[in-house]
Amino acid sequence: MTLKKIVKKLCDFPKGVLAADEGIGTIKKRFDMIDVENTQENRTEYRKLLFSTPNLEDYISGVITYSETFDQILDDNSRLIDLLLEKNILVGIKLDSGLSDTPDNQKLCNPTENLDEKIKYYVENGASFAKWRALFIISDNTPTKENIEKNAEILADYALKCTQNGLVPIVEPEILLKGNFDSNKIKEVSSFVLKIVFEKLRDCGVDMEEIILKPSFVRQGLDIQVDPQVTAKDTIQNFKSVLPENLGGIAFISGGIKDSEAIETLKLLNKYKDDFNFTVLSSYSFGRALQTRCLQSWKGSVLNLNSAQKKLIEVLSFFK
Ligand code: 5MM
């Protein structure tokens, strides 16, 4: 499949991407909420539950995996990711190596060793796309231009390497929605971050049609209740002025927004797109919004497998 076709398949709303690429530290936070120990066995059981959910392929076009999951072999000697490939669900791989704190309380992407070799390995073993996350924190003085530029250069370098070697890069410049900042602030920060990210992508010569942007919604801080109609319209209006028209697609993060609100916002955004003449394919790459009810139903017990899978499908059905 060409990179452009992969982009189209992944962003074909109401189908979208399940972000199941939590690193060891992040999945621990999710397991802590349901009192499940963060062992490799439990991580495998949980991801097996997700990937073997009946009819998952009716809703999900791709799943982002963590390296441990990608390489996981099951008791019958099959690969865990084969559960997805057999259903014609595309497999993605998290290629970033997490974040470091900067002295001024911002985040900077860590480098990934031997990135070219890793990309080749994942392509040879069935991956179609990748993900790299940068994180920007809103405060009175942040994110700074310097911090955005440094992270954007890393994202652009990763994106170019992926497209040159056969993976669609998902470029994730997440803006942390935690807090009580107002809509003017998020509009200003979102525009500033995306403007610099796309400048750096262009400087590197990345083909915009071959990439997927994974942004946060343009929403006020999570402490504030917001009407999804407002977020949907603000997001389109803001994006229209900064995103290239030939961008391959968008796959939003849920960013800690409640599942029902995140899904409603994306549905409305797709409904309003024509009114604003916004043509970029817009779908999702949600983690928490898709998984929270499923995790709470599973609670680490094989006895709850069916009910947990039903919860996942229940949430996914809200998109239709
Ligand atoms: C699923 O979590 C992803 C990996 O997180 P860590 O690097 O912290 O282990 C994360 O990138 C995720 O894909 C995005 O933040 C979107 O997830 P949400 O839950 O915000 O939709």
Side-chain angles (χ1 to χ4, degrees), residues 10-11 13 16-33 38 40 43 46-47 50-51 59-70 90-101 107-112 127 129-138 151 154-155 158-159 168-179 186 190 193 197 212-219 221-222 231 235 250-266 269 282-296 312 315-316 318-319:
L10 293 173
C11 298
F13 186 80
V17 173
L18 167 65
D21 60 312
E22 298 86 357
I24 306 291
T26 302
I27 196 74
K28 181 178 183 318
K29 286 190 210 158
R30 310 285 181 258
F31 281 4
D32 282 350
M33 286 174 358
N38 187 19
Q40 185 179 349
R43 291 193 292 273
Y46 176 59
R47 270 121 188 195
L50 293 175
F51 301 175
Y59 305 86
I60 291 292
S61 47
V63 174
I64 318 174
T65 64
Y66 181 60
S67 52
E68 176 186 88
T69 311
F70 191 95
L90 300 178
V91 172
I93 179 71
K94 170 187 170 75
L95 283 178
D96 66 71
S97 298
L99 306 160
S100 289
D101 296 325
K107 299 283 178 186
L108 185 63
C109 296
N110 293 325
T112 290
F129 67 105
K131 203 274 300 271
W132 190 299
R133 172 176 175 252
L135 182 64
F136 300 101
I137 308 209
I138 294 187
N151 280 300
I154 296 169
L155 285 169
Y158 140 84
V168 165
I170 294 186
V171 174
E172 182 180 350
E174 175 173 2
I175 297 168
L176 197 66
L177 295 181
K178 221 168 123 189
I186 183 69
S190 173
V193 166
V197 166
I212 295 173
L213 174 72
K214 181 165 167 163
S216 310
F217 288 113
V218 179
R219 186 203 190 278
L222 291 178
T231 310
T235 303
I250 300 173
F252 284 94
I253 66 168
S254 52
I257 301 174
K258 203 167 167 280
D259 49 10
S260 50
E261 185 195 322
I263 293 168
E264 183 61 13
T265 303
L266 186 56
L269 188 145
S282 301
S283 193
Y284 62 88
S285 170
F286 290 169
R288 284 164 289 178
L290 299 187
Q291 295 185 54
T292 304
R293 292 186 202 210
C294 174
L295 268 167
Q296 280 164 353
L312 176 60
V315 171
L316 288 167
F318 298 158
F319 283 109

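In each ligand, atom 1 is the first atom listed, and ligand 1 is the first ligand listed.
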| message | Using every non-hydrogen atom in the two residues, find where Ala20 and Gln291 come nearest and quote the distance to one decimal. | response | CA-NE2, 3.9 Å
If we only count N/O pairs under 3.5 Å, is [X] in contact with ligand 1?
X     : answer
Ala19 : no
Asp96 : no
Gly23 : yes

Can you pull out the closest protein heavy atom to [atom]? Residue, atom name and distance to 0.1 Å, please.
atom                    : answer
atom 1 (C) of ligand 1  : Asp21 OD1, 3.4 Å
atom 17 (O) of ligand 1 : Gly287 N, 3.8 Å
atom 15 (O) of ligand 1 : Glu172 OE2, 3.1 Å
atom 5 (O) of ligand 1  : Thr26 OG1, 3.9 Å
atom 18 (P) of ligand 1 : Ser254 OG, 3.4 Å

| task | Could you tell me whether Glu22 and Arg47 have a side-chain N and a carboxylate O separated by less than 4.0 Å? | result | yes
| Of the listed options Arg30, Lys131, Lys94, closest to atom 11 (O) of ligand 1 (non-hydrogen atoms) |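 Selected option, by shortest heavy-atom distance: Lys131.
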| query | Considering only heavy atoms of Gly255, which atoms of ligand 1 have at least one such atom less than 4.0 Å away? | reply |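 Answer, ordered by atom number: 18 (P), 20 (O), 21 (O).
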| said: How long is the straight-line distance from CG of Leu90 back to CD1 of Ile60, given to the nearest 0.5 Å? | reply: 11.5 Å
| said: I need the Ile263 CD1 to Glu261 CD distance, nearest 0.5 Å. | reply: 11.0 Å
| query | Taking heavy atoms and a distance under 4.0 Å, where does Arg133 meet ligand 1: side chain, backbone, both or neither? | reply |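 Answer for Arg133: side chain.
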| message | Between Tyr59 and Phe319 (judged by ring centroids, cut-off 6.0 Å), do the two rings come close enough to count as a pair? | response | no
